[in-house]
Amino acid sequence: MTWIPWNTQLRELAKQCQYLEALTLYRQMLRCGSYPNAFSFPFALKSSASLPLPFSGQQLHCQVIKSGCSQEPFVLTSLISMYCKFSSLGNARKVFDENPISNQLTVCYNALISGYALNSRVFDVIALFCRMREMGVSVNSVTMLGLVPVFSGPGYISVGMCFHCCCVKLGLNLDFSVANCLVTMYVKCAAIEFGRNLFDEMPKKGLITWNAMISGYAQNGLAADVLELYRKMETAGVCPDAVTFVGVLSSCANLGAVSVGHEVEQRIESSRLGLNPFLNNALINMYARCGNLVKARAIFDGMPVKSVVSWTAIIGGYGMHGYGEIAVELFDEMIKSGIQPDGAAFVSVLCACSHAGLTEKGLEYFSEMKMKHRLQPGPEHYSCVVDLLGRAGRLNEALELIKSMQVKPDGAVWGALLGACKIHRNVEMAELAFERVIEFEPTNIGYYVLLSNIYSEAENLEGVLKVRVMMRERKLKKDPGFSYVEYKGKVHLFLAGDRSHPQKKEIYRMVDELEALVKKLAGCKDNEERRNKEALLGMGVHSEKLAIVFGLLNSEPGTEIVVIKNLRMCEDCHLFFKGVSKIVTRQLVVRDATRFHHFRDGHCSCKDYW
DNA sequence: CTAGGGTTAG
C-alpha cells in the first residue's frame with residue numbers, strides 16, 4: 001500500500017481537529033508497515049501537540065530522526081511548534097539550532113517566536129526577531145501575529161508601537177489579522193485611542209476586529225463606548241458571537257442597562273450559545289449588578305459546572321445589595337464544594353461582610369485568606385477590611401491595620417478610613433486620612449467634599465473654608481459626574497445643569513416643582529430626614545436629579561425605572577457609590593450600598609438594610 | 001499532500 005491515502009486521511013483528520021483519530025491512524029499506518037514520511041509527520045506532530053501528550057510528541061521526534069527527514073522544512077517547523085506547545089522551549093530551540101536550515105526559514109522563526117511569545121519570553125522574542133532581520137530572512141504577517149501579542153501589557157506600549165511602525169514599513173499594518181493583533185495589543189496596553197485609530201483605519205473589519213475593540217473598551221471600563229460600538233457592529237451586519245456578548249454584558253452591568261442586557265440574553269438564547277460558561281458568568285454578573293438577584297441566581301443554579309468566577313459574581317451580587325448573610329453562606333458552600341477561592345472571591349465576600357455589618361465574620365475570612373489559603377492580601381482587600389472595621393466604629397484598629405500593611409496602601413485604603421470617619425464623626429482621624437488619600441488621588445474631588453462635610457457636621461466652619469480654599473488653589477472644579485436612566489432600551493445621559501435633552505422644558509418645570517416641595521419640607525424637625533431629601537432633591541441641578549425627573553415624567557404608573565448615579569456621593573451615607581435608584585411612579589426608592597431611601601407624597605424615610 | 005498566527009468573564 002502506498003503512503004498517499006494514509007497521508008491524505010491523516011491530513012483530513014488533523015484539519016478537522018480529530019487529533020486522537022489522527023494519531024490512531026498514524027499508529028495503524030506503522031502497524032501496516034507503511035513508513036511515515038515528510039508529509040505524515042507534520043500532521044502527527046500537530047495532533048500530538050494538540051492533545052496533552054508530550055511523550056508521544058517526543059516519540060514522534062525520534063521517529064523523525066530515524067526516518068531521516070529532519071531537514072525537511074515542513075517537518076522542522078512542526079517539531080518546533082510541537083515543543084513550543086508543551087512549553088519545552090529548550091527542546092524547541094535545540095531543534096532550531098541543530099538544523100542549520102532553520103536559520104533561513106521564515107516559518108521556523110515564526111514557530112519559535114510564537115512559542116516564546118506564548119510563554120511571555122519578551123526578550124527572547126525580540127532577540128530572535130532581530131536575528132531574523134540580521135540574517136535577511138523575510139518577515140511576513142504570521143511573524144507579526146505570533147509576536148505582537150507578547151506586548152499586550154501596560155508596560156509594553158512603547159516597544160509595541162515600535163513593532164507597529166515595523167509593520168507599517170513592511171506594509172503589513174493593514175493586513176487583516178495583523179491589524180487585529182495590533183488593536184488588541186493597544187487596548188490591552190490601555191492605549192484605547194491608538195487602538196481605535198487603527199480600528200477606524202482598517203478597510204475591512206471582521207468579527208474578531210469588532211470583538212477586539214469591544215472587549216478593549218469593556219476592559220477599560222468604557223461601557224458607553226461598548227454599547228455604541230455594539231450597535232454599529234449590528235448596523236454593519238456583522239453577527240456577534242459569545243466573545244462579543246461577554247463584553248457587552250459586562251458593560252450593561254456597569255451602566256445598569258438592564259434592557260440591553262435582556263435583549264442580549266434573548267439573542268444568546270436564540271443563537272444557542274447558552275452553555276458557554278463565560279456567557280453565563282457575564283449574565284450572572286450583569287443581573288446581579290443591575291439588582292435582579294432572582295434572575296442571577298436562576299442562571300447560577302442552572303450552571304452544571306460553576307467556576308470560582310461564577311461564585312464570585314453571585315456572592316458579589318448578594319453582598320452589593322445588602323444580603324450579607326446569603327453571600328457568606330454561599331462563600332462557605334463554595335469552599336465546601338472544593339473550589340479554591342482566589343483574591344477576587346475574597347474581595348466579594350469581604351465587601352459583603354462590611355456592607356452587612358458582619359464585622360467578626362469578615363475579620364475571620366481575612367485571617368483565613370492569609371493563613372488557610374495562603375493568599376497575599378492586596379490593597380483591595382485591605383480597603384474592604386478598613387471599611388469593615390471603620391463602619392463598626394473600630395477606627396483605631398483600622399488605622400493600625402493600615403500601618404501594619406505588607407503591601408503599599410493605595411488611595412482606596414485611606415479613602416475607606418476617611419469614609420468611616422464621616423460616619424463616626426472623627427475629625428482628627430479624618431484629617432490624617434485625608435492628608436494621605438490626596439497624596440494618591442490629589443484631584444479626586446470626592447474626598448475634598450467628604451472632608452468638607454465632616455467639618456460642617458462638626459460645625460467647624462474654619463475647616464469647611466480651609467477645604468474650599470484648597471480646592472480653589474488646586475483648581476479643582478466640581479465633579480462633572482453624570483447619571484443615566486435607561487428608558488425603553490435607550491440610555492439617557494444627564495450632566496449637571498444639562499439642557500440638551502429634548503424634554504428639557506418639562507424636566508425643568510418639574511425640577512422647580514420639586515424644589516418648591518423641598519423648601520416646604522425644609523422646616524421639618526428631623527435633621528436626618530431633611531438631609532436625605534436635600535441630598536436628592538436639594539439645591540442645584542444635579543445630573544442625578546435630572547435623570548430622576550426624566551424617569552418620573554416618562555414612567556407609566558407602577559413601572560420601575562432605574563437611575564444610575566455615577567460616582568456621586570450620598571450625603572447621608574458617607575461613601576461614594578455607583579448607586580442604583582429605583583423609581584416607582586410617584587414614589588421614589590433610592591438604594592445605595594447600605595440603605596433604601598423612600599420618598600413618597602412628600603415624605604421620606606430612610607431604612608437600613610440590616 | 002504546503003507548516004507558522006490572533007479575539008474571551010469577576
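All chains are named by letter (A, B, ...) in the order of the sequence lines, taking the proteins before the strands, and each is independently numbered beginning at 1. Being a predicted model, the structure only gives us computed values, none of them experimental. Computed from heavy atoms alone, side chains included, the values below leave out hydrogens, waters and symmetry copies.
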From [atom1] of [X] over to [atom2] of [N], roughly how many Å is that when rounded to an integer?
X         : N       : atom1 : atom2 : result
Asp175(A) : dG5(B)  : CG    : C1'   : 11 Å
Asn7(A)   : dT2(B)  : CG    : C1'   : 13 Å
Arg289(A) : dG10(B) : CZ    : P     : 8 Å

Original post:
For DNA chain B, what residues of residues 197-221 of chain A have any heavy atom nearer than 4.0 Å?
Top reply: Ile208(A), Asn211(A), Ser215(A), Gln219(A)
Original post:
Quick one, which residues of residues 178-190 of chain A touch DNA chain B with a heavy atom under 4.0 Å?
Top reply: Asn180(A), Cys181(A), Thr184(A), Lys188(A)
As a test of reading the structure: which of [options] is closest to the side chain of [X], going by heavy atoms?
X         : options                 : value
Phe39(A)  : dG6(B), dC1(B), dT7(B)  : dC1(B)
Asn110(A) : dC1(B), dG4(B), dG10(B) : dG4(B)
Leu145(A) : dA3(B), dG5(B), dG10(B) : dG5(B)
Phe278(A) : dT8(B), dA3(B), dG5(B)  : dT8(B)
Lys15(A)  : dG10(B), dT2(B), dT7(B) : dT2(B)
Ala111(A) : dT8(B), dG4(B), dG6(B)  : dG4(B)
Pro149(A) : dG4(B), dG6(B), dT2(B)  : dG6(B)
Ser250(A) : dT8(B), dC1(B), dA9(B)  : dA9(B)
Asp342(A) : dG10(B), dA3(B), dG4(B) : dG10(B)

**OP:** Mind checking side chain to side chain contact (heavy atoms under 4.5 Å, CB included) for Ala313(A) and listing every partner two or more places apart, or none if nothing turns up?
**Re:** Ile284(A), Asn285(A)
Donor-acceptor contacts under 3.5 Å from residues 162-178 of chain A side chains, at least two apart:
residue: His164(A); atom: ND1; partner: Tyr186(A); partner atom: OH; Å: 2.7
residue: Asp175(A); atom: OD1; partner: Ser177(A); partner atom: N; Å: 3.2

**OP:** Assess whether ring pair (Phe, Tyr, Trp, His ring centres under 6.0 Å) is satisfied between Phe331(A) and Tyr365(A), documenting all intermediate values.
**Re:** CA-CA 10 Å; Phe331(A) 189 85; Tyr365(A) 282 131; 4.9 Å; yes
Original post:
Which pairs pass salt bridge (charged side-chain N to carboxylate O under 4.0 Å, His left out) with one or both residues in residues 193-207 of chain A, sequence neighbours excluded?
Top reply: Arg196(A)-Asp200(A)
**OP:** Just jot down the ring-ring contact (aromatic ring centres under 6.0 Å, His included) partners of Tyr318(A), sequence neighbours excluded, or say none.
**Re:** none
Kindly list each side-chain donor-acceptor pair under 3.5 angstrom involving residues 17-30 of chain A, sequence neighbours excluded, with atom names and distances?
residue: Thr24(A); atom: OG1; partner: Leu20(A); partner atom: O; Å: 2.6
residue: Tyr26(A); atom: OH; partner: Gln63(A); partner atom: OE1; Å: 2.4

Subject >> Identified side-chain hydrogen bond (donor to acceptor under 3.5 Å, both in side chains) partner of Tyr109(A) from the options Thr143(A), Asn140(A), Asn103(A) >> reply: Asn103(A)
**OP:** Check salt bridge (charged side-chain N to carboxylate O under 4.0 Å, His left out) between Glu234(A) and all other residues, then give those that pass, not counting sequence neighbours.
**Re:** Arg231(A), Arg267(A)
Original post:
Reckon Ser114(A) has a side-chain N or O less than 4.0 Å from the OP1 or OP2 of dG5(B)?
Top reply: yes
Give every donor-acceptor pair under 3.5 Å between a side-chain atom in residues 71-84 of chain A and any protein atom, sequence neighbours left out.
residue: Gln71(A); atom: NE2; partner: Asn99(A); partner atom: OD1; Å: 2.5
residue: Thr77(A); atom: OG1; partner: Pro73(A); partner atom: O; Å: 2.7
residue: Ser78(A); atom: OG; partner: Phe74(A); partner atom: O; Å: 2.9
residue: Tyr83(A); atom: OH; partner: His61(A); partner atom: ND1; Å: 2.7

